[in-house]
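Everything on this sheet refers to the single structure shown next.
Quick note: numbers below take in every heavy atom, side chains included, and nothing from hydrogens, waters or symmetry partners. Atoms within each ligand, like the ligands themselves, are counted from 1 in listed order.
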Amino acid sequence: MPVSVYPCSVCKQRKPGKLATAYWAWFLADGERSAWKLRYCPADAQDALLSLLTRLHEQGATSEVFACVSCGADASTDSDPMYLTLYLPGKEPMEYALQLDSACAAKLRSPITTQGERLPDRGGLVRGPSPSNTAWDALGFNPV
Ligand SMILES: [Zn+2]
Ligand SMILES: [Zn+2]
């Protein structure tokens, strides 16, 4: 398998196959939208995203709409959500809204802002054709 054209944003390595592309966004205290693009190899996507999105799925089955996705605490008075659009190779883009309290949001944003590439705003959401990749199929990401 040829290695990816771009390096993974987290481990900075070119891995065999295609990378996932994630667009993260949230709103700053002054209302400005902060948007970031990261590329993830399968291992780093699993570390950075899969447990979070698995908890999101589990929460979706309950009525705890204001529970923080990261720690499970009530975030209704301290809500600082993040939005993720995830492009897995060969899949339709998946959109997630993650309810977070401000402490957990700050923790999640820290690696994104150090590893990612800041976007001007909603630019760069280009859907490209990409062949399927069995490494990604094995990870078990699912649309909400
Ligand atoms: Zn990586
Ligand atoms: Zn939390």
Side-chain angles (χ1 to χ4, degrees), residues 1-119 124-144:
M1 222 189 300
V3 297
S4 53
V5 178
Y6 299 101
C8 168
S9 299
V10 179
C11 62
K12 312 293 182 198
Q13 291 174 24
R14 288 186 165 79
K15 296 284 180 74
K18 289 184 180 270
L19 300 178
T21 306
Y23 294 88
W24 284 101
W26 56 85
F27 292 95
L28 304 175
D30 61 5
E32 194 197 337
R33 189 169 180 276
S34 184
W36 299 80
K37 176 181 182 178
L38 277 87
R39 293 186 176 87
Y40 294 99
C41 67
D44 285 313
Q46 191 163 19
D47 284 355
L49 304 175
L50 195 57
S51 62
L52 207 57
L53 298 183
T54 302
R55 280 199 293 276
L56 188 63
H57 274 285
E58 289 165 359
Q59 274 186 12
T62 73
S63 55
E64 302 285 323
V65 286
F66 283 111
C68 170
V69 178
S70 184
C71 70
D74 181 3
S76 56
T77 57
D78 185 25
S79 172
D80 206 351
M82 291 168 69
Y83 305 93
L84 168 66
T85 306
L86 185 60
Y87 290 73
L88 299 185
K91 306 258 189 224
E92 288 295 305
M94 292 179 272
E95 298 198 22
Y96 303 94
L98 290 90
Q99 185 63 250
L100 294 157
D101 55 61
S102 52
C104 290
K107 260 184 267 172
L108 268 178
R109 290 170 192 181
S110 163
I112 292 169
T113 56
T114 51
Q115 296 161 347
E117 169 193 339
R118 177 138 200 204
L119 301 173
L125 289 179
V126 181
R127 228 186 271 187
S130 43
S132 69
N133 185 319
T134 49
W136 287 107
D137 292 337
L139 283 186
F141 284 103
N142 289 298
V144 172

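D80 has a carboxylate O that lies under 4.0 Å from a charged side-chain N of R109, or vice versa, which qualifies the two as a salt bridge.
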**OP:** Check step by step if side chain to side chain contact (heavy atoms under 4.5 Å, CB included) holds for S70 and K107.
**Re:** CA-CA 10 Å; S70 184; K107 260 184 267 172; over 6 Å; no
Subject >> Stepwise side chain to side chain contact (heavy atoms under 4.5 Å, CB included) check, L53 with L84 >> reply: CA-CA 10 Å; L53 298 183; L84 168 66; 4.1 Å; yes
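The closest approach of D44 to the Zn ion (ligand 1), by N/O/S atoms, is made by OD2. Residue-level check: among N/O/S atoms of D101, OD2 sits closest to the Zn ion (ligand 2).
The Zn ion (ligand 1) forms the vertex of an angle spanning SG of C8 and SG of C41; to the nearest 10 degrees it equals 110°. When rounded to 10 degrees, the angle formed at the Zn ion (ligand 2) by SG (C71) and SG (C68) equals 110°.
Defined by atom type and a distance below 3.5 Å, a donor-acceptor pair is missing between the side-chain atoms of E117 and S9.
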